[in-house]
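Following: one structure in structure tokens, then a few remarks.
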Amino acid sequence: EIKLIIHWLGFYIDSQMSRKLLEDASVHSGVVTLSAFMRLMRSHRATEYAHTRELFQRLDENNDGLIAPRDLCLLFKKLGLCVLPETLAELVEDCQLPHQEFSFTGFWKVLQLLRHRDGFSSSDLKAITDTFRRFDHSHRGEMTTRSVPNALRWLGYLMGSDVVEKVEWRREYCDKGCLSEPEFVKLVRNHAEANLRSVRMVFREYAEDLGANPLHFIRLKPALQILSQSYGDLVEDWLKKNMLGKWENQQEATFNFEEFLRVAEGCRGLVRERFRSNCGFTDKELMVLTTNFAAMSTKCGMPSLPPSTLIELFRCTVPAIQTSKNVRDLLRKAMRVHRLEVSGLDWHGFLMVMRTFEDLLENDIAESSYLVCEELGLPAHAVDDYLDIYARYLHEGPRGLSPSDLQFIVNPEALSQLTSGKGYMETLAALNAWQLPDHKVAELREALVQMQEQKGAAGTVASFIHYTKELRANPSPRSSTNSMGEYRAWSPKMSISSNTWSIASGRGRKTMFAA
């Protein structure tokens, strides 16, 4: 665990130095006393100081104890730190340092402030902490792992294309089911660095000479669309407001990496603001809501829907309310929050009700997360993937689940297989050998449809787990029997190299999701 602590504290030394310090500490008993830990931390700080001074002296070509601003940026890069130019400028300003040249003492001040802010500007850090408090629904200083994806989207992450580098975080945090504020800040830092690496990768692909020369204007939009389709739709408006000269001189305009990064960050900001203005719904989710509301508004012939039409509207939006008392109760609670039980509903009111309903539903799901570990034996970091499938089931019904969704919930053998650094859904999508034949997918889906028709929608996690168990025991609506007349459940077979996969098992504890 000491290695994780060192990483957590943000020491700027390479892994070989860290390994040597651990060896020198002679930690062989498996535990470390507080005094030994303090000595180890002191050694790391001294090593970090010596390491950064050596790098500084290499860049001090005149041996006058000063480096230029461009060398300061290079020094941070050599330390493995991804710092945006505007963030670095603010750090220098806050440390009250001259902008023309920097001494080692000045650089060390900037480095310590950067560590204190986790590499963010003061405004970015405030936005992150405000976001944490927004999604800390229990007000206990903890955010559930179910809330993390929406919190990251609130900051503009997780809304790019598949080419954007993914950050695997569930293995680290899902065992306890929640994150503290410092942990969330670190997680955002990881996403920011991954986003920066993705921007750099795209720039090198689309700029001349693998990024050695600028990117031409004509290639700007295709490059941004690799990061996110939405960026391509928004870049024109952003350029007109922020880089009018390049917009008016498109034939000759070029972008170096810093300018391209600024454009990409600007587009990410626009996507973030659009997400927030849409009450936290993605473009795809908003399209479904818009379509349902517009259809009902057209049918009624008025922009604000009367109370008599709301049942039909909500049935189209969340089919599970027809047969699930729990889902209906959550929707009624959302209506009461906005005091709309007996009044009409306009578009804005509908959007607010659906946002509150989704938040209530997520909280309800999070409170029952421990059941997935206890009843199905899934590893903790796979629980959210299962619950994501359950959320899709509530909104789209059994027929809305994909073949990968069905395979995930029904195949116990597949559920026990893990790949290093990959989530379940990413793994299942990558392994064609695991894909169910079309007729098996149809049988599983039909079995789930029949369960719902006979018993109602699975409106709670517990009832969906019950349906999952039934699917595992009897995946086909037409029971298969062997020659002895006994039931024989179908289970797909897999052939997987032992050096690629590792088995993870163990039952979850109810207390780990207590918060």
_Audit row: Asp124, Arg117, salt bridge (Lys or Arg N to Asp or Glu O under 4.0 Å) steps and yes/no_ = CA-CA 9 Å; Asp124 287 340; Arg117 294 180 179 175; over 6 Å; no
*Quick one: do Ile128 and Trp154 satisfy side chain to side chain contact (heavy atoms under 4.5 Å, CB included)? Show the steps, please.*
CA-CA 9 Å; Ile128 293 168; Trp154 194 258; over 6 Å; no
*Does the pair Trp247 and Glu236 meet the rule for a side chain to side chain contact (heavy atoms under 4.5 Å, CB included), with working shown?*
CA-CA 8 Å; Trp247 171 256; Glu236 293 184 3; 3.8 Å; yes
_Stepwise side chain to side chain donor-acceptor pair (under 3.5 Å) test for Glu443 and His439_ = CA-CA 6 Å; Glu443 288 179 3; His439 70 283; 5.1 Å; no
*Between Val288 and Thr317, is a side chain to side chain contact (heavy atoms under 4.5 Å, CB included) present by the stated rule, with each step listed?*
CA-CA 8 Å; Val288 173; Thr317 307; 5.6 Å; no
*With salt bridge (Lys or Arg N to Asp or Glu O under 4.0 Å) as the test, would you mind laying out the steps for Arg133 and Asp136 before giving the verdict?*
CA-CA 5 Å; Arg133 295 185 182 99; Asp136 174 17; over 6 Å; no
*Determine, step by step, whether Arg274 and Asp283 satisfy the side chain to side chain contact (heavy atoms under 4.5 Å, CB included) criterion, reporting the C-alpha distance in whole Å, the side-chain angles of both residues, the deciding distance to 0.1 Å, and the verdict.*
CA-CA 9 Å; Arg274 186 166 67 185; Asp283 291 345; 2.8 Å; yes
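No hydrogens or angles considered: nothing links the side chains of Ser402 and Ser404 as a donor-acceptor pair under 3.5 Å. Side-chain contact annotation: Ser147 with Glu362, donor-acceptor N/O pair under 3.5 Å absent. Between the side chains of Asn278 and Glu285, not a single donor N or O lies within less than 3.5 Å of an accepting N or O. Of the N and O atoms on the side chains of Gln112 and His116, not one donor lies less than 3.5 Å from an acceptor on the other residue. When only modelled atom types and interatomic distance are considered, Thr145 and Asp384 share a side-chain donor-acceptor pair under 3.5 Å.
With rounding to the nearest 0.5 angstrom, the CD atom of Glu90 is 5.5 Å from the OG atom of Ser123. A distance of 10.5 Å separates SG of Cys178 from CE of Met143, quoted to the nearest 0.5 Å. Ile365 CD1 to Glu367 CD: the interatomic distance, rounded to the nearest 0.5 Å, is 11.0 Å. The CG atom of Leu330 lies 6.0 Å from the CG atom of Leu360; values are rounded to the nearest 0.5 Å. Atoms CE and CG, from Met354 and Asn292 in turn, are 9.0 Å apart once rounded to the nearest 0.5 Å. In this structure, Thr460 OG1 and Asp364 CG are separated by 8.0 Å, a value rounded to the nearest 0.5 Å.
Side-chain contact between Arg262 and Asn242 is present, with at least one heavy-atom pair separated by less than 4.5 Å. Residues Phe257 and Val199 have side chains in contact (heavy-atom distance under 4.5 Å, counting atoms from C-beta outward). For the pair Met287 and Thr291, the minimum side-chain heavy-atom distance is below 4.5 Å. Side-chain contact between Phe120 and Thr87 is absent, with no heavy-atom pair separated by less than 4.5 Å. In this structure, the side chains of Val110 and Leu88 come closer than 4.5 Å at one or more pairs of heavy atoms. Glu470 has its side chain within reach of Lys455: a pair of non-hydrogen atoms, C-beta onward, lies under 4.5 Å apart. Leu196 has its side chain within reach of Leu261: a pair of non-hydrogen atoms, C-beta onward, lies under 4.5 Å apart. No side-chain heavy atom of Tyr231 sits less than 4.5 Å from a side-chain heavy atom of Leu220.
Judged by distance alone, with hydrogens and angles left aside, the side-chain atoms of Arg153 form no donor-acceptor pair with the main-chain N or O of Phe281 at under 3.5 Å. Not one N or O on the side chain of Asp405 forms a donor-acceptor pair closer than 3.5 Å with the backbone of Ile389. The backbone N or O of Leu155 lies less than 3.5 Å from a partner atom in the side chain of Arg268, making a donor-acceptor pair. Of the possible donor and acceptor atoms, none in the side chain of Glu375 sits under 3.5 Å from a partner among the backbone N and O of Ala462. Looking at Arg392, its side chain never comes within 3.5 Å of a backbone N or O of Gly400 through a donor-acceptor pair. In terms of modelled atom types and a separation under 3.5 Å, the side chain of Arg445 and the main chain of Leu401 share a donor-acceptor contact. The closest donor-acceptor contact from the side chain of Thr323 to the backbone of Ala457 lies under 3.5 Å. The main-chain N or O of Met302 is found under 3.5 Å from a side-chain atom of Ser297 such that the two form a donor-acceptor pair. Judged purely by atom type and a 3.5 angstrom limit, Thr290 uses its side chain to pair as donor or acceptor with the backbone of Leu286.
Taking the six-membered ring for Trp and thresholds of 30 and 60 degrees, His395 and Phe357 have ring planes more than 60 degrees apart, a perpendicular arrangement. The aromatic rings of Tyr157 and His191 sit tilted, their planes meeting at an angle between 30° and 60°. The aromatic rings of Tyr390 and Tyr393 lie parallel to each other, their planes meeting at an angle below 30°, with 60° marking the opposite boundary. Note: Tyr386 and Phe408 have tilted aromatic rings, judged against thresholds of 30 and 60 degrees for the angle between ring planes.
Residues Asp359 and Arg355 are paired through a salt bridge, judged by an N-O separation under 4.0 Å between the basic side chain and the carboxylate. Asp329 and Lys333 are not joined by a salt bridge, as no carboxylate oxygen comes within less than 4.0 angstrom of a charged side-chain nitrogen.
Heavy atoms only, all atoms of each residue included: Ser230 and Val271 are closest at CB-CG2, 3.8 Å. Nearest heavy atom pair, residue Ser369 against residue Arg146, reads OG-CG, 4.5 Å. Residues Glu181 and Phe132 share a closest heavy-atom pair of N-CZ, 3.4 Å. Contact between Ile321 and Ile311 at its shortest, heavy atoms only, is CD1-O, 4.5 Å. For the residue pair Phe350 and Leu289, the shortest heavy atom distance occurs at CE2-O, 3.7 Å. The two atoms that bring Met243 and Glu259 nearest to each other are CE-O, 4.0 Å, heavy atoms only.
Few gaps surround CZ on Arg276; more than 12 heavy atoms of other groups in view lie less than 6.0 Å from it. Within a 6.0 Å sphere centred on NZ of Lys299, other residues, nucleotides and ligands contribute 12 heavy atoms or fewer. For Lys126, the NZ atom counts as loosely surrounded, since its 6.0 Å shell holds 12 or fewer non-hydrogen atoms of other residues, nucleotides or ligands.
Screening Val383, Asp388, Leu387 against Asp385 for a side-chain contact (heavy atoms from CB on, under 4.5 Å) leaves a single residue, Asp388.
For the pair Arg200 and Phe260, the cation does not sit on the ring face, since its NZ or CZ is not both under 6.0 Å from the ring centre and inside 45° of the axis.
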